[in-house]
Amino acid sequence: MDETPKRFDRIVAILIQLQSKKIVKAQELADRFECSLRTIYRDIRTLEASGVPIYSEAGVGYALMDGYRLPPVMFTREEVSSFIAAEKLMQKFTDPSLGTHYASAMYKLKSVLRSNDKDYLSNIESRVVMQTAEPLFNDNSPNTLAVLFEGIAEKKQILLTYKTYERDETTQRNLEPVGVFHDNNNWYFLGYCHLRKDYRQFRTDRIQGIKKTELDFTIEHDSLETYLTKTETCPTTKVRILIDKKIARYLSTERKYHGFISEKEIDGKIEMTFMCRDINSGFPRWFLMFGDHATILEPESLKKRTLELLEINRQRLL
């Protein structure tokens, strides 16, 4: 097998990484490219022979002569700071496959920074942490977003292995992915399902396996926003609650997932109005989280369902 293309790609990647930091250790390069130190030393000599000004210091690492850059791109301090947030978000909120591609892109981006900007970046990047409450992707499908992006861009069907929540069963189906979106701390994608002959929504952490096929789309799909808007037109029930003002401010994030419409202040309390799609389960269970500080004004059916849930809970505690 001819190793020349692979070696060429590695040497170019080494040059990009040398531009991304002030000092790069040989072991760091060997770990990234999964090769021996001897191979790294050989590649460094190749770069030097081609005229790249590299200097080395025993026990420290390799560096490019200050001022040597290939791309004529400059960034402001504010732009440099934005790279940190973007990189941390990609590390925690995308699948491993897409995260790897982004990490490679970041090496290229950092490579064009000035030395003092590299220091600036290094000083704060270790002090920014992103945390997720639950895993966003299944370990069996580490390339979910990457495959979805390819399928959408190339208009190719995907073969999906999916575990349903309600029945706890695994199904396999061909889909035409329409779009990907993040909502309520989870990644979802919407696609046309050939099994159901209709559009369906899927959560990425329930995907057990995914791969792109060579089958073309059979339908010309509208934009993702079109279908998401349609899902919001399903039947709703008007709900009004009265809540203590000191508690109301803590609900600003969650309330939008329950159909929040408006609010107004009445005698030191906050009246909130919702057009709710799940009055039997989702809303009453959410209400019970702060129910000791709130009153249900309407409808009566919500009051009744909330009392039923309280009674079930009381019986379990006896």
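Excluded from the calculations below are hydrogen atoms, water molecules and symmetry mates; all remaining heavy atoms, backbone and side chain alike, are included.
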Using only atom types and a distance under 3.5 Å, with no angle test, would you say the side chain of [X] pairs donor to acceptor with the backbone of [Y]?
{"X": "Arg206", "Y": "Tyr162", "result": "no"}
{"X": "Thr273", "Y": "Ile261", "result": "no"}
{"X": "Lys155", "Y": "Glu220", "result": "no"}
{"X": "Asn143", "Y": "Ser97", "result": "no"}
{"X": "Ser50", "Y": "Leu47", "result": "yes"}

> How far does CG of Leu121 sit from OG of Ser20, to the nearest 0.5 angstrom?
Replying inline: 10.0 Å
> Which distance, rounded to the nearest 0.5 Å, do you find between the CG of Leu145 and the OG1 of Thr94?
Replying inline: 6.5 Å
>> Among residues at least two apart in sequence or on other chains, which ones pass side-chain contact (heavy atoms from CB on, under 4.5 Å) with Ile247?
In response: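 side-chain contact (heavy atoms from CB on, under 4.5 Å) list for Ile247, sorted by chain: Ile243, Asp244, Phe290, His293.
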>> Under the rule for side-chain contact (heavy atoms from CB on, under 4.5 Å), what residues qualify as partners of Thr100, not counting sequence neighbours?
In response: none
> Taking C-beta and beyond as the side chain, do Phe181 and Gln201 meet within less than 4.5 Å on heavy atoms?
Replying inline: yes
> Does the side chain of Asp183 reach to within under 4.5 Å of the side chain of Tyr257, using non-hydrogen atoms?
Replying inline: yes
>> Per the ring-ring contact (aromatic ring centres under 6.0 Å, His included) rule, what does the pair list look like for residues 13-61, sequence neighbours excluded?
In response: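 The answer is none; no pair qualifies.
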Applying a strict under-4.5 Å side-chain criterion to I, L, V, M, F, W and Y, I'd like to know whether [X] and [Y] cluster together.
{"X": "Tyr107", "Y": "Ile23", "answer": "no"}
{"X": "Ile207", "Y": "Leu159", "answer": "no"}
{"X": "Met272", "Y": "Met275", "answer": "no"}
{"X": "Val239", "Y": "Leu242", "answer": "no"}

>> What I want to find out is whether Glu48 reaches Arg45 closely enough, with some N-O distance under 4.0 Å, to be called a salt bridge.
In response: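 Here Glu48 does not pair with Arg45 in a salt bridge, since their nearest N and O are not under 4.0 Å apart.
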>> For Lys156, is there an ion pair with Glu150 - N to carboxylate O distance below 4.0 angstrom?
In response: no
For [X], all residues meeting side chain to side chain donor-acceptor pair (under 3.5 Å), sequence neighbours excluded:
{"X": "Lys238", "value": "none"}
{"X": "Thr218", "value": "Glu176"}
{"X": "Arg42", "value": "none"}
{"X": "Thr39", "value": "Ser36"}

>> Applying salt bridge (charged side-chain N to carboxylate O under 4.0 Å, His left out), can you list everything that pairs with Arg32, at least two apart in sequence or on another chain?
In response: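 Listed in chain order: nothing, the list is empty.
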>> According to salt bridge (charged side-chain N to carboxylate O under 4.0 Å, His left out), who are the partners of Arg203, at least two apart in sequence or on a separate chain?
In response: Asp205
>> Strictly by side-chain hydrogen bond (donor to acceptor under 3.5 Å, both in side chains), give each pair with a member in residues 309-318 just once, sequence neighbours left out.
In response: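 For residues 309-318: Glu311-Arg314, Glu311-Gln315.
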> Do the ring planes of Phe283 and His258 sit parallel (below 30°), tilted (30 to 60°) or perpendicular (above 60°)?
Replying inline: perpendicular
>> Just to verify, what does His194 make a ring-ring contact (aromatic ring centres under 6.0 Å, His included) with, not counting sequence neighbours?
In response: Tyr192
> For residues 246-258, which residue pairs qualify under salt bridge (Lys or Arg N to Asp or Glu O under 4.0 Å), counting only residues two or more places apart or in two chains?
Replying inline: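 Qualifying pairs, neighbours excluded: Arg255-Glu263.
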